[in-house]
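See below for the structure under consideration.
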Amino acid sequence: MEDPNANAAFAAAENFYGDAYGPPSPPAGGADPFRRELPEPDVWILTSGGLRIPAHSGILASVSPVLENIIDQPRKHRSSERVIPILGVPCDAVSAFVGFLYSSRCTEDQMQKYGIHLLALSHVYLVPQLKQRCTRALIRQLTVENVVDVLQLARLCDAPDLYLRCLKLAHAHFESVEATEGWKFLQKHDPWLELEILQFIDEAELRKKKRRRNKEDQSLYLELSEAMVCLEHICTEGCTSVGPCDAEPLMKKEPCGKFTICRGIQLSIKHFATCEKRVGGGCSRCKSMWQLLRLHSSICDQPDSCRVPLCRQFKLRMHQEKRKDNARWKQLAKKVISAKVLSSLSQPKRKRAEDLREEVGDRSIRSMRLPTIASH
């Protein structure tokens, strides 16, 4: 059966053979003496449409181990033709497949039209290069309408990258995917794949909630870390209206770098010092301040010289009582310190250097003060 399309793969074979064994371009003024012609084809590829594509067993066997096994099978009669049927896909898709076996090339138009068929052929005949190209092309072509069909094919053809992309697209646009004919067909004929998709969506939502919760927790720990810095800053140097018990508050012309947090802690310290309900534990504001002081004590590594109120007392009490909740405070302290470190690492290098210089400067100032314990 003669058809121009039937010889497309063989034409590609001739070009490939010439490129492989001859110079890139023929010399001027005549035919290329080094260019070799392909021998007569010794095998035929039979398509579903009845087309017979001529090919060479040596080239097919060198690219595909599956075709190599088929070619090596003994024939009933030595004189009979060797025919390899590749059925179930369009004739042009088979031509593109055979052309890739010869040239390792495939046009964008072929990928656009026959990407699904070429992926199936590359999987069946073990052609990994073509499989990678098909995977990338199909990822670019994914839509809400075709995602279910491509997902089924990706699972059958063991294409994990394509499979994961399909799941992510289905998760991102699940309401639209659920209304497609592909999803309705899936529900009737492949409930296991439907279950896999729903499980992936549930797990993705759980991961999303967990990331959001971790982000909120890290934000809280970072706020507590900044509160610890401000508390130590207020009790050591003073800020605006509150300062160490043995010194006047430091009145700066420039606003405090952490004015909002500093101002809130100063107001809480003033309230804590004068509140009548503090002793009975009936004041929620005092309770928060009490917890803040205890958290500082769990973090502080210099209780003997620390000027934050009740720091040393909390240390001694925690050491003496050895209660179970002390472990929780230590765990909270570790998370607060970790949040500070992560925040520091996420800052630009110049900013981290400036913060380090400021911290060293603060330590040098504190080291010049006499070690006293403030109490209110």
Side-chain angles (χ1 to χ4, degrees), residues 1-27 31-138 153 156-159:
M1 181 175 181
E2 295 295 332
D3 192 302
N5 293 330
N7 296 320
F10 190 67
E14 290 181 334
N15 294 333
F16 168 73
Y17 195 89
D19 291 342
Y21 293 96
S25 57
D32 181 6
F34 297 98
R35 190 178 181 88
R36 302 179 183 180
E37 295 295 333
L38 278 172
E40 289 294 323
D42 58 349
V43 64
W44 296 86
I45 305 294
L46 179 64
T47 70
S48 297
L51 294 179
R52 291 160 55 91
I53 303 175
H56 301 83
S57 59
I59 293 177
L60 299 184
S62 66
V63 180
S64 169
V66 175
L67 290 174
E68 181 181 14
N69 291 334
I70 295 174
I71 292 169
D72 289 342
Q73 291 178 358
R75 289 176 290 176
K76 294 182 179 179
H77 305 286
R78 288 184 176 274
S79 60
S80 62
E81 291 182 335
R82 185 183 283 112
V83 178
I84 301 176
I86 299 182
L87 311 175
V89 295
C91 301
D92 291 341
V94 178
S95 297
F97 174 68
V98 177
F100 185 88
L101 298 181
Y102 277 87
S103 64
S104 297
R105 290 190 294 268
C106 202
T107 66
E108 290 297 327
D109 184 60
Q110 289 173 330
M111 279 294 176
Q112 184 71 28
K113 292 180 179 179
Y114 311 114
I116 291 178
H117 306 293
L118 290 174
L119 176 62
L121 291 172
S122 67
H123 175 70
V124 171
Y125 294 100
L126 298 181
V127 186
Q129 291 182 346
L130 178 59
K131 191 173 186 178
Q132 292 173 3
R133 285 207 54 184
C134 291
T135 297
R136 292 194 296 267
L138 290 174
L153 179 66
L156 292 173
C157 295
D158 189 23

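Along the sequence shown, residues carry numbers from 1.
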Side chain to side chain, Leu101 and Leu67, heavy atoms closer than 4.5 Å:
yes
So, for His56 and Tyr102, which heavy atoms are closest and what is the spacing to 0.1 Å?
N-OH, 2.6 Å
With sequence neighbours excluded, residues passing ring-ring contact (aromatic ring centres under 6.0 Å, His included) with Phe97:
Tyr125
Those residues at least two apart in sequence (or on a different chain) that pass side-chain contact (heavy atoms from CB on, under 4.5 Å) with Gln73 are none
side-chain contact (heavy atoms from CB on, under 4.5 Å) with Leu156: which residues, sequence neighbours excluded?
none
Report yes if the side chains of Val43 and Val83 come closer than 4.5 Å at any heavy-atom pair, otherwise no.
no
Run the side chain to side chain contact (heavy atoms under 4.5 Å, CB included) check on Arg82 and Ile71 step by step: do they pass?
CA-CA 8 Å; Arg82 185 183 283 112; Ile71 292 169; 3.9 Å; yes
Look at the side chain of Gln110 and the backbone N and O of Thr107, then say whether any donor-acceptor pair between them is shorter than 3.5 Å.
yes
Going by heavy atoms in the side chains, are Trp44 and Ile53 under 4.5 Å from each other?
no
Under 3.5 Å, which donor-acceptor pairs do the side chains of residues 112-121 form with other protein atoms, sequence neighbours left out?
{"unit_1": "Lys113", "atom_1": "NZ", "unit_2": "Asp109", "atom_2": "OD2", "d": "3.4"}
{"unit_1": "Tyr114", "atom_1": "OH", "unit_2": "Asp92", "atom_2": "OD2", "d": "3.3"}

Taking atom CG of Leu138 and atom CG of Leu153, what is their separation to the nearest 0.5 Å?
7.0 Å
Once side-chain hydrogen bond (donor to acceptor under 3.5 Å, both in side chains) is applied, do any residues pair with Asp42, and if so which ones, sequence neighbours excluded?
Ser57
